[in-house]
Amino acid sequence: MYTTDLRTAEEKAKDAKLKVPTKEEGEEAFQARIDADEYIEPKDYMPDAYRKTLVRQMSQHAHSEIVGMLPEGGWVTRAPSLKRKIILTAKVQDEAGHGLYLYSAAETLGTSREEMLNQLHSGKAKYSTIFNYPTTSWADVCTIGWLVDGAAITNQIPLCRCSYGPYARAMIKVCKEESFHQRQGYDGLLEMMKGTDAQKRMVQDSFDRWFWPSLMMFGPPDSDSAHSSQNMAWKIKRFSNDELRQRFVDATIPQAEFLGIKLPEQVKWNEETKHYAFGELDWDEFWAVVKGDGACASNRMDARRKAIADGKWVREAATAYAEKQRAAVRAAE
Ligand code: BYC
């Protein structure tokens with residue numbers, strides 16, 4: 001009789017004695033590895049919910065990188081000098097690279113890039129709220145570098161120690177590049193603050209519009225964060241949304257003061273806590289933007305869908321070429 005089981009009788013007897021762990025035992029052993037700060041790798045056992053939340057967060061992160069290219073990409077031709085154009089082009093290309101690392105890392109969990117992109121384009125998957133705000137001046141491009149990339153670094157440095165190995169490793173390179181982005185943005189603003197009154201007003205106006213949305217990048221308050229407690233137990237997140245938001249405010253306010261920006265009245269140093277207080281954010285606005293009501297939401301998705309449709313022939317040509325190469329290799333063997 002035909003059989004695919006090629007084990008000897010001895011091996012079969014040995015295997016029969018092996019005890020298959022129950023789901024509970026598997027999850028306990030998994031949590032013990034997390035508690036011991038071990039990295040979880042793609043072929044290791046992981047609970048379905050761990051896999052699911054990682055695909056959710058990593059794909060949302062990847063989508064944010066490629067949607068984030070759109071507001072800045074629109075300014076490449078309008079950058080004020082050749083130097084600024086070159087720097088901005090490099091930054092926008094870096095964001096594409098970040099998307100690539102993140103989609104690749106997420107694919108190791110068994111969801112294809114095509115599937116993740118379909119979820120973005122059908123409106124099922126989220127991307128960061130910040131990219132649904134309009135970029136109306138050159139100062140906005142610099143403010144995005146300073147505040148948006150600055151907030152991203154604050155969030156992503158702890159992700160370099162995330163329990164899922166491929167995500168943690170992707171974050172190390174991303175953070176190095178984001179820190180260049182943050183500095184180029186701040187440098188652009190410093191330059192403008194040395195300029196005319198109109199340039200200074202442009203910087204102030206830009207800060208006033210982007211400061212609050214940049215604080216919303218850290219997600220809802222801890223009390224409303226559905227995923228935080230489990231994701232912290234799994235060491236995907238190392239700090240809560242509110243902790244990271246506070247860390248970002250504390251680092252950013254002295255930088256704003258150095259620039260000569262007038263701060264919102266809610267922002268005040270608290271001598272007791274040794275932190276800057278900043279009052280309550282407009283959480284109704286946050287949830288409305290999360291649900292797709294942002295000023296630029298439909299533009300962003302139209303641009304993404306157009307890019308996918310326009311690039312179809314390139315993907316088909318690349319696939320046909322790769323197939324031709326494989327056939328040539330097979331023929332030569
Ligand atoms: N925007 O339970 P919570 C960049 C959703 S891009 C939209 O706290 P979690 C850059 C959340 O998904 C940087 N949605 O969630 C690129 C959840 O909804 P679902 C992007 C948000 O996951 C180009 C619900 O609200 N960085 O650097 O524990 C140019 C409840 O939230 C947002 C990342 O993506 C938001 N802001 O924590 C320049 C970092 N916040 O999924 C720069 C990786 C929350 O249940 N992501 N939601 O339907 C994270 O660290 C976490 O996912 C978050 C949220 C802190 C964002």
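Values below: every heavy atom of this structure, side chains too, minus hydrogens, waters and symmetry copies. In listed order, ligands and their atoms are each counted from 1.
The local environment of CD in Gln325 is crowded, with over 12 non-hydrogen atoms from other residues, nucleotides or ligands closer than 6.0 Å. Other residues, nucleotides and ligands contribute over 12 non-hydrogen atoms within 6.0 Å of the CD atom of Gln230. A 6.0 Å sphere centred on CG of Asp310 holds more than 12 heavy atoms belonging to other residues, nucleotides or ligands. More than 12 non-hydrogen atoms from other residues, nucleotides or ligands lie less than 6.0 angstrom from CD of Glu323. Under a cut-off of 6.0 angstrom, the local environment of CD in Glu25 is crowded, with over 12 non-hydrogen atoms contributed by other residues, nucleotides or ligands. Within 6.0 Å of NZ in Lys12 there are more than 12 heavy atoms belonging to other residues, nucleotides or ligands. Counting non-hydrogen atoms of other residues, nucleotides and ligands closer than 6.0 Å to CZ of Arg183 gives a total of 12 or fewer.
A salt bridge links Arg209 with Asp140: the closest approach of a Lys/Arg side-chain nitrogen to an acidic carboxylate oxygen falls below 4.0 angstrom.
Between Phe211 and Ser214, the shortest heavy-atom contact is O-OG, 2.7 Å. Ala151 and Met217 get closest at one heavy-atom pair: CB-SD, 3.8 Å.
Looking at atom 39 (C) of ligand 1, its nearest protein heavy atom turns out to be Asn155 OD1, 3.2 Å. Among protein heavy atoms, atom 30 (C) of ligand 1 sits closest to Pro220 CG, 4.0 Å. The protein heavy-atom contact nearest to atom 32 (C) of ligand 1 is Phe286 CZ, 3.7 Å. If you check which protein heavy atom lies closest to atom 35 (C) of ligand 1, you get Thr129 OG1, 3.7 Å. Given atom 13 (C) of ligand 1, the protein heavy atom at minimum distance is Gln156 OE1, 3.8 Å. For atom 10 (C) of ligand 1, the nearest protein heavy atom (residue, atom name, distance) is Phe131 CZ, 3.5 Å.
Some N or O of Ala226 is nearer than 3.5 Å to an N or O of ligand 1, by distance alone. Considering backbone and side-chain atoms together, Asp149 places no N or O closer than 3.5 Å to any N or O of ligand 1. In terms of N/O distances under 3.5 Å, ligand 1 is approached by Asn241. Every N/O-N/O distance between Glu72 and ligand 1 stays at or above 3.5 Å. Between Ala152 and ligand 1, no N or O atom pair is found at a separation short of 3.5 Å. The distance criterion of under 3.5 Å between nitrogen or oxygen atoms is not met by Glu95 with respect to ligand 1. The shortest N or O to N or O distance between Tyr167 and ligand 1 is not below 3.5 Å. Considering backbone and side-chain atoms together, Ser64 places no N or O closer than 3.5 Å to any N or O of ligand 1. In terms of N/O distances under 3.5 Å, ligand 1 is not approached by Trp287.
Donor-acceptor pairing under 3.5 Å is recorded for the side chains of Asp35 and Gln31. In this structure, a donor-acceptor pair under 3.5 Å is absent between the side chains of Gln184 and His181. With 3.5 Å as the limit, one finds a donor-acceptor pair spanning the side chains of Gln156 and His61. At a cut-off of 3.5 Å, with distance as the only test, no side-chain donor of Asp242 or Gln246 sits close to an acceptor on the other residue.
Between Phe131 and Leu70, the closest side-chain pair of non-hydrogen atoms is not below 4.5 Å.
In this comparison of Gln60, Met232, His98, the heavy atom closest to atom 21 (C) of ligand 1 sits on Gln60. Within the set His227, Arg56, Glu65, the minimum heavy-atom distance to atom 22 (O) of ligand 1 is found for Arg56. Scanning Lys291, Lys126, Lys124 for the heavy atom closest to atom 48 (O) of ligand 1 points to Lys126.
Here is the list of ligand 1 atoms found below 4.0 Å of a heavy atom in Met217: 36 (N), 56 (C). Atoms of ligand 1 lying under 4.0 Å from at least one heavy atom of Glu178, given by number and element, are 27 (O). Residue Lys237 approaches ligand 1 through these ligand atoms, each under 4.0 Å from one of its heavy atoms: 8 (O), 9 (P), 28 (O), 37 (O). Short contacts between ligand 1 and Tyr127, defined as distances under 4.0 Å to a heavy atom of the residue, involve ligand atoms 1 (N), 7 (C). Residue Gly219 approaches ligand 1 through these ligand atoms, each under 4.0 Å from one of its heavy atoms: 40 (N), 44 (C). In the vicinity of Ser225, heavy-atom distances shorter than 4.0 Å reach the ligand 1 atoms 2 (O), 3 (P), 8 (O). Within the listing of ligand 1, atoms 55 (C) sit less than 4.0 angstrom from a heavy atom of Phe218. Ligand-side atoms of ligand 1 in range of Met216: 36 (N), range being under 4.0 angstrom from any heavy atom.
Assignment of His181 to the shell around ligand 1 is not supported, since no heavy atom sits closer than 4.0 Å. Distances from ligand 1 to the non-hydrogen atoms of Lys91 include at least one value under 4.0 Å. Residue contact check for ligand 1: Met58 places no non-hydrogen atom closer than 4.0 Å to it. Contact between Met69 and ligand 1 is absent, with no heavy atom of the residue lying under 4.0 Å from the ligand.
Note on ring orientation: taking the six-membered ring where Trp is involved, the planes of Tyr101 and His98 are tilted (angle from 30° to 60°).
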### Task
For the pair Glu41 and Arg169, evaluate salt bridge (charged side-chain N to carboxylate O under 4.0 Å, His left out) and give the outcome as yes or no after the intermediate values.
CA-CA 11 Å; Glu41 297 300 337; Arg169 290 189 287 275; 2.8 Å; yes
#### Entry: salt bridge (charged side-chain N to carboxylate O under 4.0 Å, His left out) between Asp94 and Lys173, worked out
CA-CA 10 Å; Asp94 282 354; Lys173 193 159 192 300; over 6 Å; no
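Counting heavy atoms closer than 4.0 Å to ligand 1, residue Ile130 contributes nothing at all. Contact annotation for Gln57 and ligand 1: only side-chain heavy atoms (C-beta onward) come within less than 4.0 Å of the ligand.
There is a protein heavy atom closer than 4.0 angstrom to atom 16 (C) of ligand 1.
For the ring-ring contact (aromatic ring centres under 6.0 Å, His included) criterion with Tyr50, the lone passing option out of Tyr45, Trp234, Tyr167 is Trp234.
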